[in-house]
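First the structure, then my questions, so here it is.
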Amino acid sequence: MSTLAFLRADHGATAPLPRSPLAAETAAAGSSPAACRDTVGWADSSLLGKLELQAPADELAGLRAALGFEQAAAGVAARGDAGWWCPLTPTRALLLGAAGATGALAALVDGADGTAGQSAARVLDVTAQFAAITLAGPLARETIARFCALDLRPAHAPVAALRPGSVARMPGIVVREAEERYLLLFGAAYASYAWEVVADAGARLGGAAVSEDALPPINAPKEVGSHA
Amino acid sequence: MTRLRPQPAERIDRSKPISFSFDGKQVDAFEGDTIASALLASGRKVMARSFKYHRPRGELGGAAGSGTALVQVGDEPGVRAAARLVVPGLRVEHQNAWPSLDFDVMRATDKFGGPFTPVGFYYKTFIRPRRMWPVYERVLRKAAGLGRLPARQHERLWETEYRRRHCDVLVIGGGLAGLSAALRAARMGADVVLCDEDVEPGGALLAEGRHEHVRARADEARAAGVEILAGAPALGYFDGLVPIWQGDTLHQVRARQFVSATGALEQPLVFLDNDLPGIMLAGGARRMAALYGVAPGTTAVVATVGDEGLEAALGLHAAGIRIAAVADLRPDAAARPAAERLVAAGVELLPATTVVRARGNSAVERVVLARIDGAGRALPGSARELHCDLLAVSGGLVPASSLLLQAGARSHHDAATGRFLPGALPPGVHAAGAVAGHPAGAAELAGTAAGASAAVALGLGGQKARRELQEARALLDACEPAAPQAPVPACAHDGRGGGKAFVDLDEDVTVKDVRRAADEGFDVIELAKRYTTVTMGPTQGRYSQLPSVRVLADHTGRSLADVGLTTARPPWSTVPLGALAGRPIEAAKRSALHARHRELGATVRWAGDWRRAYDYGDPEAEALAVQETAGAIDVSTLGKLLLRGPDAGELLDRLYPNRMSTLRPGRIRYGVLLSEMGRITDDGTVCRLDDETFYVTTTSAGAAAVERWFSWWLTDWGLDARLTDVTQGTAAINLAGPKARDVLAAVTPLDCSNAAFEYLEAKHAEVAGVPCLLLRIGFVGEVGYEIHCAAPQAQRVWDALFEAGAAHGLRPFGLEPQRILRLQKLHVLIGQDTDSESTPYGAGMDWTVKLDKPQDFIGRWALEHAAERDPAHALVGFSVPGGRIPHEGAVVTVGGMPAGQVTSARRSPKLEQTIGMAWVPHELAHDGARLTISDAGTSFDAVVTTKPFYDPEGAVLRS
Amino acid sequence: MSFLLTCPNCGVREVADFGFGGEVSPRPASRPESLRALAASAYFRRNVAGVQREWWVHRSGCGQWFLAERDTRTNDVKWTARPDEAPAATREPVRA
């Protein structure tokens, strides 16, 4: 067993399935896309695969390119086949992939790295560290404004904007995944609290909890002028 | 009903009559009425009793910011009658009067108590004897009625919404200047928000015959994309953040450019009994007539010191109110254009005349007008008494510059206009209209220029826009300045006794009070303010600023400029605390096992920012179970840091006073963290996972601070190591007790025998199929395994342990039993048993310090000094023969004098005695020393021990 | 207090997003002679009414420490930068 295996949420087909920190809260979420279309819908995305990569700036940039991500400026996430590449600092990035895909992601990093053995020191599965909630719909941005001071106006936070900062008084990260879709990442221990905050704000704006499959697709182009 | 004929600008909808109740009696109103306008329309002038003297008070300002008529609406106290719209069935009551508004027995404080209630009376009188203060306070609070909160506070539901709004330009104030600024900025491409405290934007012009113009402007602004927040006062300016309260929403607006277009505030005049209901600001009376079709009186006298009062008189006259006379203090008043129009309309104008006294029982019935000398005293033979039921006063203008001053502008007294104006504005802040001293006729131009300035500062607009801005500024500079204000006496009076002249109606502060304050040495405006509370009431000095400055200037022989204004502090508008308190959801961290603790009936309490299982109903039984069979406690809250890289060991050696780089993979070492002065800041274990990887645990409360401490030094020293905080993604369960090994062995393929898995060893193994890191450590003193795994797998591990543990008597235990158990071992809880003065030497943890290691480490220098002498105090254990359990913080005394304190104390069910830890003088820090503990008024003895009460040699732990 | 700071990694945020590390006051290179001198280096700061060089950490965001120069009278932040990219100190920041 690898020394850091105990930090991994997911261990492949043979190990027990990981349990989302929001498993209890989301039990009743509906899959109707109405909320995401008309007001705001929110879904648990906590099991999204997350890898933390730490390396000297030039090596990290090389890794990014090898994984097929375009170079992204500070404050912008790059979208690729593997998911989102989120540069947090010149020497630290977060790679967000599909749920349960961290093993595959790590293998991808290993392959891209070319210096086998080094990657273990650079890559850490942080899937369990962060819980995540995705908000989508015409009132998603307004909902977030009820508990978050980040400036997410479309002109200031275009699609793919990456905004680490305080979310509902927690350290957090916001990724604008599409015109009307925002991913909120925060510490896993805050999951219940964050869900309560989002539900409190969203319900007042007429929204509802939804299942992940009710969310609009990432980066879906949308007609201009749809902002609330 | 005293409704006027329909007025062109009125807001009420006469086709929609509604009714509400005031003190249980039905009041008829129209949709669009405020409580104040409806009460006035019903003929009620007395709406409140004053704060201190319980004098009858009515609506003074007639605007949203006015504060003389505060009423109780349902459970909500302190509602401004002129700001709150009436809705059908609204239940409104008076405040601060008993038994009724019209007959208040506390009025005696006014009639007879005058000489006994001078300024400072309460401070001076009720402070002795101190122990009586709670009694006095109860009585005084009742007398100074401030409305009524629901008896059961938790029934108050604050449903305030918080909304962050970023914008390019925030315009505060929706008069013509503000609307023009917003419109121009929006048209130049800026994202603009405008707020106004009135129910609709438009400002003063709404009631001044230009309502169509300003309402059209507001529509244009909306069409241009300006977000208009009406009924929304700005509360203050906080380094660029402006909170705006709009009913049930608190907007927190962060703009890049600010335009203050907050206008100017008409000030009252000061004369004898100037607080009688029926006395209103001229502009306020006009608003009542123009916007609500209400006649505040049938016969009015107007007293003014400037053109504003003349204009208001014209407005009242046009609305259909009889004007008995207009007194203008200016000798040349007759030459003013507005005066000529008044005279032409048949109104009597009295130049060089002012009001010196009002008379009436519960509302104004007559006023005395006179010419006055320089001291404000009526000239002999000049006094004339007129009947009226409305006295409209206009005592000059004060720019509403508070928000500008909060933003960093300084106020100065402008000699040309006779006004206090804001001086140079900080970058990104603009002012337009009356607040900046611009004349009324230039409001639109000033607003347009301010809006364009803001947009240009944002890089919007092309050459043409810049040129237009230059032109607008030039035009503005060429405008006639606002008409100069005449000098106004501090207090006009008829030279006779009787009557009170108020400078502050909110706080019932009189001219005499301010003078007395100055005489007692509080002769600086800031001191006079604190001593008399002048300008500190609900209107934040809106209507008392200038009067109080005038009185102080007059009494101390200084100019208005020398006296100056008081600091403008937020909130600029009153706001219920509930609106600031936040949504009632607390930012809590919960372990991945939280649901299990709930199911097991845990008492859940706050521990730092975590919600933790404090116990499961019986802490003593839980503690015993750990010692007799086995227990499991969720310790997921422990801080957990992963440190990777070639310099990881080096960093740890520099931060811990012992040697961490020599740790072999798979081994664990305890360590404390120190400040530069050698004080213990945190503690925990360090486990080496492989050559370049360390797993560090910290205290639960210290996790974030330790992470920042590590990353700070990493950054500062530039070491090659990568730090990741894995606290929240990692769960940890401490399984401990004589049967712990058996329980663990049942769920893991790992060889758990003592020979294969020793104390202070770490092993990787699957538990219930989940990869875990197992640390063999023993905080509670029994054989113990700290099982770390990814949080999403924790429930599975926990469930498996309890399934296997059922046969062995495994029990969950909480924080409280853990504290009992660790106390038996004298294991120190950092922050509980130590404080910011505790070194490892004093705390009896010398063994954690290796001064013989070669590396420098944080705290080393201080410890080298400390090692040279015995610490003055030492942390020891104690037992109490009598069984008393002292409170934490109880005093250890020597010879009757305080010499130390108890930091922890519990009853140990295993040892069946009271045990604890305390800081004691060094000479008492030996086994068997007798201590005297003084606690809650009694003293009792305790016996010192320096060795753990349980398993002092650690044989159990290692077994 | 709600002024803005620019995190060199994340951008402009409200000050509440950040932790304050105090004015830059490097640890002495060797052990100060006396306990008094040690205490002075540990506890005493210049505390100027003016521009000072400070440590900040973006605790709610990237979690990184960085340097800033701020006017303590106005909260006007002159610049922020990662330590390896910071301008040279405009004046000796240490007071021994």
Side-chain angles (χ1 to χ4, degrees), chain A residues 1-11 14-21 23-24 46-47 52 54-56 91-92 120-122 124-131 142 144-153 155-156 168-170 186-194 196-197 200-201 204, chain B residues 159 161-167 191 241 252 254 582-583 585-592 594-595 609-611 636-637 642 644-646 665 689-690 692-693 695 720 722-731 764-766 768-774 787-796:
Chain A
M1 190 186 302
S2 104
T3 41
L4 298 180
F6 74 99
L7 296 173
R8 289 190 48 189
D10 145 45
H11 301 280
T14 55
L17 284 177
R19 178 187 159 87
S20 161
S46 298
L47 292 178
E52 184 206 63
Q54 289 200 61
T91 57
R92 190 164 155 246
R122 295 171 176 170
L124 190 66
D125 183 343
V126 290
T127 302
Q129 299 304 321
F130 296 93
E142 187 61 44
I144 296 170
R146 303 298 159 113
F147 52 78
C148 173
L150 290 168
D151 185 358
L152 298 176
R153 286 177 295 160
H156 293 78
R169 294 180 282 152
M170 307 171 289
F186 41 84
Y190 280 121
S192 296
Y193 158 72
E196 194 183 354
V197 167
D200 175 65
R204 287 160 162 264
Chain B
E159 292 297 318
E161 283 267 22
Y162 295 82
R163 176 178 181 251
R164 314 296 185 118
R165 175 67 159 95
H166 291 264
C167 62
D191 174 16
L241 186 77
Q252 300 178 2
R254 170 75 71 180
R583 305 265 328 142
I585 304 173
E586 294 193 80
K589 288 184 191 162
R590 292 179 180 87
S591 130
H594 196 76
D609 43 9
W610 292 86
R611 299 289 285 159
S636 302
T637 59
L642 191 69
R644 293 169 293 160
L689 299 181
D690 60 40
E692 293 195 353
T693 310
Y695 185 64
D720 184 5
R722 291 171 281 286
L723 180 70
T724 307
D725 183 350
V726 296
T727 302
Q728 298 192 41
T730 318
H764 294 280
E766 281 192 357
V770 175
C772 291
L773 173 69
L774 292 89
I787 306 167
H788 292 244
C789 70
Q793 304 287 4
Q795 205 163 293
R796 183 173 180 97

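Worth saying up front: this structure is predicted, and the values here are computed from it rather than measured. Here is the naming used below: chain letters follow the sequence lines, and residue numbers restart at 1 for every chain.
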Q.
A side-chain contact here means heavy atoms from C-beta on lying under 4.5 Å apart; do B:Val726 and B:Tyr695 qualify?
A.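 Touching, per the 4.5 Å side-chain cut-off.
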Q | Residue part contacting chain A, namely of B:Arg590, when any heavy atom lies under 4.5 Å | A |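 For B:Arg590, the contact with chain A is made by backbone and side chain together.
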Q: Determine, for B:Asp720 against B:Arg722, whether the closest basic-nitrogen to carboxylate-oxygen distance falls under 4.0 angstrom.
A: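 Here B:Asp720 pairs with B:Arg722 in a salt bridge, since their nearest N and O are under 4.0 Å apart.
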Q | Side chain / backbone / both / neither for A:Ala149 at chain B, heavy atoms under 4.5 Å | A |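 Contact with chain B: backbone and side chain both.
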Q: Can you tell which part of B:Ala587 gets under 4.5 Å to a heavy atom of chain A, answering side chain, backbone, both or neither?
A: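 B:Ala587 touches chain A through backbone and side-chain heavy atoms alike.
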Q. With side chains defined as the heavy atoms from C-beta onward, is the minimum distance between A:Arg146 and B:Glu161 less than 4.5 Å?
A.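 Touching, per the 4.5 Å side-chain cut-off.
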(Q) Below 30° counts as parallel, above 60° as perpendicular, anything between as tilted: where do the rings of B:His764 and A:Phe6 land? (A)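 B:His764 vs A:Phe6 ring planes: tilted.
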Q: Let me know if A:Arg153 has heavy atoms under 4.5 Å from chain B in its side chain, its backbone, both or neither.
A: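 Only the side chain of A:Arg153 comes within 4.5 Å of chain B.
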Q) Is it the side chain or the backbone of A:Asp200 that comes within 4.5 Å of chain B heavy atoms, both, or neither? A)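 The side chain, not the backbone.
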(Q) Tell me if the centroids of the rings in A:Phe130 and A:Tyr190 come within less than 6.0 Å of each other. (A)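 For A:Phe130 and A:Tyr190, the ring centres are not under 6.0 Å apart.
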Q | Pick from A:Pro18, A:Ala145, A:Ser192 with the largest number of heavy-atom pairs that fall under 4.5 Å of chain B | A |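 Looking at each of A:Pro18, A:Ala145, A:Ser192 in turn, A:Ala145 comes out on top.
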Q. Looking just at side-chain N and O atoms, do A:Gln54 and A:Thr91 make a donor-acceptor pair shorter than 3.5 Å?
A.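 Per modelled atom types, A:Gln54 and A:Thr91 side chains form no pair under 3.5 Å.
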(Q) Would you say that A:Met170 contacts A:Tyr193 through its side chain, given a criterion of any heavy-atom pair below 4.5 Å between the two side chains? (A)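 Side-chain contact under 4.5 Å: yes.
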Q | chain A contact via B:Asp725 - side chain, backbone, both or neither, heavy atoms under 4.5 Å | A |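 Contact with chain A is through the backbone of B:Asp725 alone.
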Q. Side chain, backbone, both or neither: which part of B:Thr727 has a heavy atom under 4.5 Å from chain A?
A.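 Answer is backbone: N, CA, C or O of B:Thr727 sit under 4.5 Å from chain A.
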Q: Under 4.5 Å, counting heavy-atom pairs only, tell me which of A:Val126, A:Leu150, A:Leu152 racks up the most with chain B.
A: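 Of A:Val126, A:Leu150, A:Leu152, A:Leu150 has the most heavy-atom pairs under 4.5 Å with chain B.
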Q. What part of B:Thr693 gets closer than 4.5 Å to chain A, counting heavy atoms only: side chain, backbone, both or neither?
A.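 Looking at B:Thr693, just its side chain touches chain A.
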Q: Side chain from CB out, backbone as N, CA, C, O: work out which of these in B:Leu723 comes under 4.5 Å of a heavy atom of chain A, or both, or neither.
A: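 Answer is backbone: N, CA, C or O of B:Leu723 sit under 4.5 Å from chain A.
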Q.
Report which part of A:Glu52 has an atom under 4.5 Å of a heavy atom belonging to chain B: side chain, backbone, both, or neither.
A.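 A:Glu52 touches chain B through side-chain heavy atoms alone.
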Q. What part of B:Glu586 lies closer than 4.5 angstrom to a heavy atom of chain A: side chain, backbone, both or neither?
A.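 For B:Glu586, the backbone is the part near chain A, not the side chain.
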Q) Under the side-chain contact (heavy atoms from CB on, under 4.5 Å) criterion, do B:Leu642 and A:Leu7 qualify, and how do the steps go? A) CA-CA 10 Å; B:Leu642 191 69; A:Leu7 296 173; 3.8 Å; yes
Q) Can you find a pair of side-chain heavy atoms, one from B:Arg254 and one from A:Asp151, that are under 4.5 Å apart? A)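 In short, these two side chains do not touch, never coming nearer than 4.5 Å.
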**Q.** Most chain B-contacting option - heavy-atom pairs closer than 4.5 Å, from A:Arg169, A:Glu196, A:His156, A:Arg92
**A.**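 Counting heavy-atom pairs under 4.5 Å, the top option is A:Glu196.
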